[in-house]
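See below for the structure under consideration.
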Amino acid sequence: MSKALGIVNFSGNNIWVKGLEEYRPIGAFSFLGRYRVIDFPISNMSNSGIERIQVYIRRKPRSLIEHLGTGRHYNINSKRGRLHILFSESRDENNIYNTDIAAFSENMECIERSHSPYVVIAPGYMVYSANFDTLLQNHIESDADITLLYHAIDNAKESCLNCNTVNLNRQKGVLSLEPNRGNAKNRNIFMDTYIMKKELFISLIKKAKSLSSMYTLADIVNNACEELDVRGISHRGFFAAITDLQSFYDANLSLIDLKTATSLFDNENWPIYTRTNDSCPTQYFETADVKNSVVSNGCLIEGSIEHSVIGRGCVIKKGAVVRNSIVLPGTYISEDTTVDCQVVDKNVKIIHAKEIISDSQKPGYIRREDTL
Amino acid sequence: MKQNTMLAMILAGGRGSRLHDLTNKVAKPAVSYGGKYRIVDFPLSNCANSGIDIVGVLTQYESVLLNSYVAAGRRWGLDAKESGVFVLPPREKADANLDVYRGTADAISQNIDFIDTYSPEYLLVLSGDHIYKMNYAKMLAEHKANNADATIAVIGVPMKEASRFGIMNTDEEGRILDFEEKPEHPKSNLASMGIYIFNWKALRKMLVADMKDPDSKHDFGKDIIPHLLSEDKRLFAYKFKGYWKDVGTIDSLWEANMDLLDTNNELDLNDPTWKIYTEDVTTLPHYIGANAQIKRAFITQGCVIEGEVRNSVLFTGAEVGEGAKVIDSVLMPGVKVEAGAVVTRALVADSVKIGKEAVVGCADSEHIELVAKRVKGVE
C-alpha cells in the first residue's frame, strides 16, 4: 500500500470544452470508445498501489458518479482502499470563486483525516499513464518539497494553449509556472500533477485562501517556487490534455494508430480499468466496410467507417459513411448518411440530415440526445 | 431484494468429451462461446435476470477454473445480501464418504444440507451447458398456476430429430402423460430442456429414498421423473419458444457461434432487457487496420484485425495479421493468426498461434477442423 493519498482534481476556469462539457465534467467524457477520461488517473493510482483516492467534482456530477460507483472496477482493495467522491458547493455569484482550493478547504477534514504522509494530485482531464509509486520514491529520495510532472512538446504554438508551462533551471528546479501563450514551439507542458507531503499540501491550501479567493493550486505552487524546492520530472509516453473540443478530437484520433496506443496502454503491466457495460460483441454485416478505426462492443455495423472511434452500442446503417469522427455511445446513423470530422455526442440520432461535414482542423459537434 | 422463494442448482459437472481438446482442461460449462462469454454465463445470467438470489453450481470434472469463475458471483450481480453463487463440488461429510456425484439427482441429494439452509419452497434444476435466454420466473408462475408437483421446460424440435432427445407426451393442458428417453418412434416433438422446477419438500423426500435405492441410477430423466409419473403426480410441460442449443460437438459449437452472424438472430445478445453477464476483461476496444476487410463477423474487445475476416466469430484478444484470411471460422480468446495465414472452416482453441502463411482447414470439409495446437508458419 502506498504512502500517498491520491487526489483527482477537476479542471479550472481556464478550460472549457465546447458542447461536451455542457453535460458533464471532462473526467466523465467518453474516451476511445469504452473509457472515460477519469479512468486514466484512477487506474494510474490503483496500479501504483494508491488505494485511498479522492475524486473532486465541481459541477454536473451525475455521469461521473454513475461511472465511478463504488470504484470496485478500479481494482482497489475493497476494505483497506476507498474511492471517495467529494463535492464542492458551487458559488453562483461568480465562477471565479469555484477553485480547486475552495473545494479542498471545504473538504479539509477528509484530507486531514487521511493517514497517508504524502499526496499525489493528478488531473481528471488529462490522459497519460505514469507510475506514481516510482515518482513518489524519486520525490522522497530527492528531498524536494514538491515534485511536478511535465511533458515536453514541440507544437506548443498550436496545442495545449490552455495549459500551464513549467519553467525549469538546468537542475530541473522549477522557477515558475505560467500559461502557454503559444509564442514558442518547444514547451514543457505542466501535467497538473503534484507530489508533496500532506502537511505541505494543507498549509498551501490555507495560505492560498488567505492570499486570494481566486487562487488555484497552480497559483499557490507558482508563488511557492521562490521559497520551496520545487522540481520537475519529465514524462514520456502518450500525453493529451483535454482542454477544448479540438484536443479531445485529436487525442482520440491519434490513438487509432496501434503504435501510439501501445505508448499509453500496456495491458499486461499497466491496465486501464473502466466500468463494464456488459455489451455483447459488435456485429458486422455483409455490407460493412471498416478501416483504420477503433470500435467498441455492442455495435451493429452495416455501413462504412474510416479513421474513426466508435463508442459502445452504435448503429451504423447501410450506405452510411462515418469518416474522421468520434462517435460516442448509443448513436444511430441512418442509411446513406455521411458524417465527416464530427464529435457526435451520446445517443444522437442522425436521420434527416444526409451530410454533416466539417474540417479536421475545426471538427463539428453534435449535441447529446439530439435528433438531426 | 427478496423476490421469490426458488433456489437454483446448476448441474455443471459434465466433461463434454465430444468437444475433444477444448475440454481437456476445463469442464464444458466453462467453454467459451459467442465472442466474450462462457456457456455457464447463460444459466447464471438467466437466474440473475429472473430474480433468483441463490444459485448452487454443482461441479465435478476439471473444476478448478470453473470453481473460481463462478465463485465471483458479482459478475452476474449475484452478490447482494442473502444472495450468492455457491460452488458445490462433491465433499466429504461426517456421516458419508467422499463420493463423486453418481448422477444428476445424486448431485442434488448430496447437497440437501446446503439447500435446507435456505429452505426454499421451489427448487429449479438447470443444466450448465445450454445456450438460451429464459425467464424462470414465468416458468415458476405457470408451475404455481398448474398446482404442479413438477414442471419441465420443453422445446419443439423437428420431428425427424426427436429421437435424439428425451420426449414428453402431454395432454391438451400440458400435463405430461409419459416421458420417453430417445424414443425410436417419437409420439411428440416436445424435447426436455433439462430444466425442472420441483416443490422442494416433496422432492427432498424422494431424493432421500432414491439415495438408498440400489437399482437407481440417481438421474432425473431416468429415475426421478418416471417415478413421479408412476405415482400419478401432476407433471407439466412448460413450452419454451426461442433459441436453445446444447453444444455437444465441435460442429455444433461452431454452428452455435455462426448463428450469431444472422441478421436478427434469435438469441439476440444485444437485448438490453436481458443481458448476458460475463467476466470483465481489461482490454482496449477492437482495432481495425488500414487494409482490413470485415464482412459478416462478430468481433469483441481486444481484437486486432489487419487482414480479412469473413463469416467468423472472434473472441477476446484474437488477432488477425496483415494479409491473413479468416473465413467461416471461430477464433477463441487470444488466438493469433499471423500475416498471410489462411484459416477456413476451423475452430481455433484458446491462445493457439497460427504461424505466418500457414493454411488451416478446408472450405469443403465435412466437419469443422479443431485446431488445438500451435501451427508452425513459413519462416
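First the proteins, then the strands, lettered A, B, ... as listed; each starts at 1. Atoms considered below: every heavy atom in the structure, side chains included; atoms not considered: hydrogens, waters and symmetry mates. Keep in mind that this is a model prediction, so the values were computed, not measured.
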Would you mind checking which part of B:Y37 comes under 4.5 Å of any heavy atom in chain A, side chain (CB onward), backbone (N, CA, C, O), both or neither? side chain
Residues of residues 308-323 of chain A contacting chain B, heavy-atom criterion under 4.5 Å, by residue number: none
Please output the residues of residues 292-306 of chain A in contact with chain B, using a heavy-atom cutoff of under 4.5 Å, in numerical order. A:N292, A:S293, A:V294, A:V295, A:S296, A:N297, A:G298, A:L300
Max heavy-atom pair count under 4.5 Å with chain A, selected residue of B:N311, B:I299, B:D280, B:L269: B:I299
Among B:C303, B:A292, B:G35, B:A297, the residue with the most heavy-atom pairs under 4.5 Å to chain A is B:A297
Please check if the number of heavy atoms outside B:K245 that lie under 6.0 Å from its NZ is greater than 12. yes
Taking all non-hydrogen atoms of both residues into account, name the closest pair between B:Y287 and A:D257 and its distance. CE2-C, 4.4 Å
Nearest 0.5 Å, please: how far is OH in A:Y284 from NZ in B:K295? 12.0 Å
Could you look at B:K275 and say if it's the side chain, the backbone, both or neither that has a heavy atom under 4.5 Å from chain A? side chain
Could you measure the distance from the CD atom of A:E286 to the CD1 atom of B:I294? Nearest 0.5 Å is fine. 13.0 Å
Engaged part of B:T278 at the chain A interface, taking heavy atoms whose separation is under 4.5 Å: backbone
Could you check whether atom NZ of B:K325 has more than 12 heavy atoms from other residues, nucleotides or ligands sitting under 6.0 Å from it? no
Can you tell me which portion of B:L260 sits under 4.5 Å from chain A's heavy atoms? Options are side chain, backbone, both or neither. backbone
Is it the side chain or the backbone of B:D262 that comes within 4.5 Å of chain A heavy atoms, both, or neither? backbone
Of the listed A:R34, A:H307, A:K291, the one with the largest count of heavy-atom pairs under 4.5 Å with chain B is A:R34
Counting heavy-atom pairs under 4.5 Å with chain A, which one of B:D271, B:T300, B:L261, B:V304 comes out on top? B:T300
Is the shortest side-chain heavy-atom distance between B:L284 and A:Y35 below 4.5 Å? yes
Residues in residues 261-283 of chain A near chain B [non-hydrogen atoms, under 4.5 Å]: A:A261, A:F265, A:N267, A:P271, A:I272, A:Y273, A:T274, A:T276, A:N277, A:D278, A:S279, A:C280, A:P281, A:T282, A:Q283
Counting only non-hydrogen atoms closer than 4.5 Å, does B:T263 touch chain A with its backbone (N, CA, C, O), its side chain (CB onward), both, or neither? both
Structural part of B:V309 lying under 4.5 Å from a heavy atom of chain A: neither
If the contact rule is any heavy atom under 4.5 Å from chain B, which residues of residues 65-76 of chain A qualify, in numerical order? A:R72
